[in-house]
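Chain letters run A, B, ... following the sequence lines, proteins first and then strands; every chain starts at 1. We use all heavy atoms of the structure for the numbers below, so side chains are in, but hydrogens, waters and symmetry mates are not. Predicted, not measured: the structure shown is a model, and the values here were computed from it.
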2 protein chains.
Amino acid sequence: MARRSDHTREEQYEMVLAAAREIVVAGGLEALTARKVANAIGYSPGTLYNLFDDFDDLIVHLNGRTLDELHEHLSSVPRTQDPMRDLKRLLRAYLGYLEDNRNLWNVLFEYRLPNNRSLPDWYVNKVAKVLGLIEVALSPLCPSRDPDTLADSARVLWASLHGICSLSGSGKLQVVSDQTVHKMAETLVDCFVSGLQTVHE
Amino acid sequence: MARRSDHTREEQYEMVLAAAREIVVAGGLEALTARKVANAIGYSPGTLYNLFDDFDDLIVHLNGRTLDELHEHLSSVPRTQDPMRDLKRLLRAYLGYLEDNRNLWNVLFEYRLPNNRSLPDWYVNKVAKVLGLIEVALSPLCPSRDPDTLADSARVLWASLHGICSLSGSGKLQVVSDQTVHKMAETLVDCFVSGLQTVHE
DNA sequence: CGTATATATTGAACGACGTTCAATTAAACC
DNA sequence: GGTTTAATTGAACGTCGTTCAATATATACG
């Protein structure tokens, strides 16, 4: 049996990512298997390998979609020129997305490519796009306008926030409530922004 | 075949964790399998289930050992009363341990228990012990001596540092060198400590 | 219109994984 | 020495990602 013309390659790609998304939303990464995705779209497992190099590749594409979603969600927060205010709003939006899309967020950050493989350029660009939002918010704090320093600061803040969400989410910080996570994240932003001002003077 | 008296239960436990450690050091988490551990200690896979609930349990015990090692390594840094100096030294020691024990560190933080299982108390205590080292270093900065605030600050700093190391280690921050990681971590400590002082005034 | 070519699709098969458990063996006890 | 007890085995189960010869259909051509 072969050569069905039910769907184009692009349609299949969309179907796969949509199915993968649903499966992850419902059951997390551990629920996401090749057979289950194939079954959900009405094709056999082998067909997935026409569209993706391997299952890791599929997950990376799914994560790309999640990054797009996250970027869109964060883009909707209004910007003033007050870094502290803007960053607090970004933080709220970020934590909001995390709460509403826990499993997608988990896959986004917990999934690691096997040993020596590195993420594709288009993926790295999506990350950079999100980081750009933080850079914009931070930029009034970097008087020297040194783009490298600004980028570094944004990455530090982004990564730090990730650390808080990640460790607390995996139960490795004896953090009990989302409330505590929010408080810790606020502490981070408060201290970091305030410290950044001091350091740059 | 059964009832060998080659080793006591305790000896077996030690052998398993030593073998698991070696396997992880050599090949990371993906190389760690039940059959390989069993083979390394000269027993069959089934024997592992006399010592551990399941393979997850084994990994948690291995991570417990890693936490002990990390605590011991961090304990060796001398303490002054200068938070910034102490934290910088702790940071250096931390990054040193990470560089020397990459795969162990990766397993420590990347491994997540399946869905709803939570880490055992003895494990949480080991985490708290490491956090205690940061609390001690931070304590001169918390004039109110409010233990909860102090604990939160320590956790924020710890988690933030983890975020930097974790994201850069997985290639999700387009960070190229260990040098950059070190620089970002220094930025974090600088800003956080400086900000903490400002916020508390 | 029929035939040849090309390709999308399948599903069984492979090896590896964690895990289980009846069978087996040796230690411990009386 | 016979009986009980328990540690150990290794084959087996169901799962996983992945492969690939076989197959069926769409397309191109004569």
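Contacts between residues 33-45 of chain A and DNA chain D, defined by a heavy-atom separation below 4.0 Å, involve A/T33, A/A34, A/R35, listed by number. Residues from residues 46-55 of chain B that place a heavy atom under 4.0 Å from any atom of DNA chain C, listed by number: B/Y49, B/D54, B/F55.
Considering only residues two or more places apart in sequence or on other chains, B/D100 meets the side chain to side chain contact (heavy atoms under 4.5 Å, CB included) condition with none of them. Partners of B/E22 by salt bridge (Lys or Arg N to Asp or Glu O under 4.0 Å), not counting sequence neighbours: none found. Take A/E186 and apply the salt bridge (Lys or Arg N to Asp or Glu O under 4.0 Å) test, not counting sequence neighbours, and it matches A/K88. Checked against salt bridge (Lys or Arg N to Asp or Glu O under 4.0 Å), B/R21 has the following partners two or more places apart in sequence or in another chain: B/E69. Applying the side-chain hydrogen bond (donor to acceptor under 3.5 Å, both in side chains) criterion to B/D82, with sequence neighbours excluded, gives no partner residue.
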Under 3.5 Å, which donor-acceptor pairs link side chains of residues 155-162 of chain A to any protein atom two or more places apart or in another chain?
from	atom 1	to	atom 2	distance (Å)
A/R155	NH1	B/L173	O	3.0
A/R155	NH1	B/Q174	O	3.3
A/R155	NH2	A/D152	OD1	2.6
A/S160	OG	A/V156	O	2.6

Side chains of residues 122-136 of chain A: which donor-acceptor pairs under 3.5 Å do they make with residues two or more places apart or in other chains?
from	atom 1	to	atom 2	distance (Å)
A/N125	ND2	A/D121	O	3.4
A/K126	NZ	A/D68	OD1	3.0
A/K126	NZ	A/D68	OD2	3.0

Side-chain donor-acceptor pairs under 3.5 Å in residues 26-40 of chain B, sequence neighbours left out?
from	atom 1	to	atom 2	distance (Å)
B/E30	OE2	A/N115	ND2	2.8
B/T33	OG1	B/K36	N	3.1
B/K36	NZ	B/A31	O	2.9

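For residues 44-53 of chain B, the set of pairs meeting the side-chain hydrogen bond (donor to acceptor under 3.5 Å, both in side chains) definition, not counting sequence neighbours, is empty.
Residue A/Q12 has no polar side-chain atom (N or O) positioned under 4.0 Å from OP1 or OP2 of C/dA8.
End-to-end axis angle for the helix from C/dT3-D/dA28 to C/dC30-D/dG1, using five pairs per end and rounding to 10°, comes out at 10°.
Taking the charged nitrogens against the carboxylate oxygens, A/R117 and A/D54 do have a contact shorter than 4.0 Å, which makes a salt bridge. The residues A/R102 and A/D178 are annotated as salt-bridged, a charged nitrogen and a carboxylate oxygen being separated by less than 4.0 angstrom.
The separation between B/D6 atom CG and D/dA6 atom P is 20 Å, rounded to whole Å. Rounded to whole Å, the distance from CD on B/E10 to C1' on D/dA7 is 14 Å. Put simply, CG on A/L29 is 13 Å from C1' on D/dG17, counting in whole angstrom units. When rounded to the nearest whole Å, the span between CD1 of B/I23 and C1' of C/dC17 equals 14 Å. Straight-line distance from the NE2 atom of A/H7 to the C1' atom of C/dT9: 14 Å, rounded to whole Å. When rounded to the nearest whole Å, the span between CZ of A/R9 and C1' of C/dT9 equals 12 Å.
Within the nucleic acid shown, A/L32 comes within 4.0 Å of sugar-phosphate atoms alone, with no base atom in reach, counting heavy atoms only. No engagement by A/E30 is indicated, since no non-hydrogen atom pair under 4.0 Å with the nucleic acid exists.
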